[in-house]
Protein chains: 2
Amino acid sequence: MQTKSEITISNILSAAEGLFLARQYADVTMEQIAAACDVTKGAIYYHFPSKEKLYLAMLHADLDEKRALLGEAIASRADCAERLRRLTRRFFDLPAEKRELIRLIRRDINVFEGAARDDLVRTYQASLPELVEEVIRDGIAAGELAPGDPRLLSWHFVALVEVVLADYAASVIPGAESKIEYVLNLFLNGAGNQRNGECPCP
Amino acid sequence: MQTKSEITISNILSAAEGLFLARQYADVTMEQIAAACDVTKGAIYYHFPSKEKLYLAMLHADLDEKRALLGEAIASRADCAERLRRLTRRFFDLPAEKRELIRLIRRDINVFEGAARDDLVRTYQASLPELVEEVIRDGIAAGELAPGDPRLLSWHFVALVEVVLADYAASVIPGAESKIEYVLNLFLNGAGNQRNGECPCP
DNA sequence: GGTAAAACATACCTACCGGTCGGTTTGTTT
DNA sequence: AAACAAACCGACCGGTAGGTATGTTTTACC
């Protein structure tokens, strides 16, 4: 069973997540967070030493959870395309708010400096791109993907997923499954018209 | 000849650009901007009614300029790949600060609400992605690109450019020209190993 | 070169926000 | 039920930053 304290902390983190996702770091006040989970500012400062620590704690909790979830999806011996497909599908299965976390970090990453910033970057790198990177590295080794830098390719893949995540995409590509296939096809085969490529054998 | 007022306005916009690029909107103070161009806060408020208006004015000026510059690059009758190449090259030729503007908008877009926000989105859309979209639309019509939604593909292309713009990419892909070819190749042909595709003719 | 208006500078106001602290409630132990 | 600790409240402080009011200089034009 959870103690009273754990419940409160969980509530605070949850409220903080919602607000930090909606607005920028500086535009979210501690009192707004407090009001959102029916406590006062004093209660938050009882559990967290500062606004910055609260933000980082919320990020860590969220990314750890997400990483564990997504990590399962690539733990298979399938080929590269299939592993990427499973990973993306699992990502799409996440509640919408959770998926926004990546954009959140890219947005607020300039708020902090020094150690806190490095910590943020590392935590982010370890969340999604690193998982993709692992799959891509294997894919290159197996000859399924063309040679290239795995990390750069993983960023490309993540960026592609982000594109499909935009509101506009929903009006063009309906349904999660077709979005996934869209991403995979574009990533593997590109946007060029393959039929234009001449077949070497007459 | 420029009047004194125009020079001051230009200085303010230039200083604002540098600071807004380096930090988040809320973390840039009016006094910092004032100090950066050797005036006082009062002078800024003489020319701009508010911080928000100053930010938007600086964005508009920058994007207008950039759009004019990039627009020339696609005004040719070359094929799709070549036009994209020229557009990207022109983009890479921009001073580093100017290239960061895209990321800036994506970062600060949540600061504003209502009309100001819509204005921001429209201005952004009209800057880079719309130019790419035009080229891609032609490319699809000419059969050079596989059928697909032009706008979504343009976002994909822009995202790819952004990936290559990251610091890490410099350590993997040296030189602007090879970055451009990397982007084009990945966009047109994808990351999949084409040699794996069986040739239908025996 | 004189003058009115534009273009600043200076000082100040006010709202807000992160953080603190004394005190109060609630729960637990003995 | 006394004693103690954990959890929480709410008023408050210090600093800050957007914005303004007013005085001063500079520009532009005659």
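Because the structure is predicted, anything quoted here is derived from the model rather than measured. Heavy atoms only: backbone and side chains are in, while hydrogens, waters and symmetry mates are out.
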*Are Glu181(B) and Arg85(B) close enough for a salt bridge, meaning some N to O gap below 4.0 Å?*
yes
*asked:* Whether His47(A) contacts dC8(D) is assessed here as follows: a side-chain N or O lying under 4.0 Å from the phosphate OP1 or OP2. Is that the case?
replied: yes
_Using a 4.0 Å heavy-atom cut-off, does Ser5(B) contact any base of the nucleic acid, only the sugar-phosphate backbone, or nothing at all?_
sugar-phosphate
*Bending between helix ends of the helix from dG1(C)-dC30(D) to dT30(C)-dA1(D) [5 pairs per end, 10° resolution]*: 20°
*Can you check whether Leu69(B)'s main-chain N or O pairs, donor with acceptor, with Arg90(B)'s side chain at less than 3.5 Å?*
yes
*Flag this pair as yes if the NZ/CZ of Lys51(B) is under 6.0 angstrom from the six-membered ring centre of Tyr25(B) and inside a 45 degree cone about the axis; otherwise no.*
yes
*asked:* With a cut-off of less than 4.0 Å, is there a side-chain N or O of Tyr46(A) near OP1 or OP2 of dA7(D)?
replied: yes
*Ignoring hydrogens and angles, are the base of dG19(D) and the side chain of Lys51(B) linked by a donor-acceptor pair under 3.5 Å?*
no
_Ion pair check, Glu17(A) and Lys98(A), cut-off under 4.0 Å_ = yes
_Where chain A begins and ends its contact with DNA chain C, read 5' to 3' at 4.0 Å from heavy atoms_ = dC17(C) to dT20(C)
*Quick one: do the His47(B) and Thr8(B) side chains pair a donor with an acceptor below 3.5 Å?*
no
*Please tell me which of Thr29(B) and Val39(A) maps to the more 5' nucleotide of DNA chain D, matching each residue to the nucleotide holding its nearest heavy atom.*
Val39(A)
*Is Glu134(B) paired with Arg137(B) through a side-chain N to carboxylate O contact shorter than 4.0 Å?*
no
_For Tyr168(A), all residues meeting ring-ring contact (aromatic ring centres under 6.0 Å, His included), sequence neighbours excluded_ = Trp155(B)
*Do Leu165(A) and Phe91(A) come close enough that some side-chain heavy atom pair is under 4.5 Å?*
yes
*asked:* Within the 4.0 Å heavy-atom criterion, would you say Thr40(B) contacts the bases, only the backbone, or no part of the nucleic acid?
replied: base
